[in-house]
**Q** 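First the structure, which I've put down as structure tokens, then a few questions once you've had a look.
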Amino acid sequence: MKNNIRVERAIKKITQQDLADLCGVSRQTINAIETERFVPSTVLALKIARVFEKTVNDLFILEDE
Amino acid sequence: MKRKRILLPHKFQVIGWGMFSLAVMLLLFILLRYEWNTSHENTFLPLVDQYSRYVTSLLLVLAYGSAFFVAFSEEKQEDELVREIRFSSVTIVAAVLFALMILFSLLAALSQGFRLNFFTDQNYLVMHWISNILFAFFIYVIVFRVRLFIIKRRLKNEE
């Protein structure tokens, strides 16, 4: 699953730590999501989407198998 | 959405490591005493005085208590990445220990069935350890900590 959190973060000019604090997770977790090493839960995906005022579908793109 | 809390708060982990340190110190004390006192027949815990049972009980309480607190308490920042590493570590350790038990059981059966006698008492001792829950907890704590350390260090310097 791809995501464009890094792009959205750059547009909003916030750091990984800022996003982590807003979502209540560690910076490493945000890093792991951005680098596609970790797929977040629905709750965390919704929290991230809320920070960027986007839908989950705007941020996360399901790739074909 | 409120998540159901399964693990103990982080402060129990500090208590657990404290208990573990005490258990190690107690074990060292017992081992040191063992060297000095060789004229006994007690093979497990060598204290031959009337306190031996109390010391053994205390050591077991400290060992099981520390394993419980360390294994079942949250990290300082317990988020879903940590939970993912935790649960996958439990799965890995359980699978590896079960696989080893199957292998050892198979070897024991072959050894006895074909009267080859390559399965020694030491092998049975290893089997005994693998099936010991304290050993499983110990391995789980090591696997979880090492994986957490590696993943966090890998992700630390990337921005």
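Keep in mind that this is a model prediction, so the values were computed, not measured.
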**Q** Could you grab the distance from atom CD1 of Ile85(B) to atom CZ of Phe38(A), nearest 0.5 Å is fine?
**A** 8.5 Å
**Q** Out of curiosity, Leu44(A) CG to Leu81(B) CG, how far, rounded to the nearest 0.5 Å?
**A** 10.0 Å
**Q** Leu155(B) versus Arg37(A): any side-chain heavy-atom pair under 4.5 Å?
**A** yes
**Q** Are Gln28(A) and Arg154(B) packed together at the side-chain level, in the sense that at least one heavy-atom pair is separated by less than 4.5 angstrom?
**A** no
**Q** Do other residues, nucleotides or ligands put more than 12 heavy atoms under 6.0 Å from the OH atom of Tyr140(B)?
**A** yes
**Q** Chain A heavy atoms under 4.5 Å from Glu80(B): which part of the residue, side chain, backbone, both or neither?
**A** both
**Q** Between chain B and each of Val25(A), Ile30(A), Leu46(A), count heavy-atom pairs under 4.5 Å; write down the option with the most.
**A** Val25(A)
**Q** CZ of Phe138(B): more than 12 outside heavy atoms within 6.0 angstrom?
**A** no
**Q** Is it true that Leu7(B) and Val14(B) fall in one hydrophobic cluster, defined by side-chain heavy atoms closer than 4.5 Å?
**A** no
**Q** Within a radius of less than 6.0 Å around CZ of Arg145(B), do more than 12 heavy atoms belonging to other residues, nucleotides or ligands occur?
**A** yes
**Q** Are there more than 12 heavy atoms of other residues, nucleotides or ligands under 6.0 Å from atom CD1 of Ile61(A)?
**A** yes
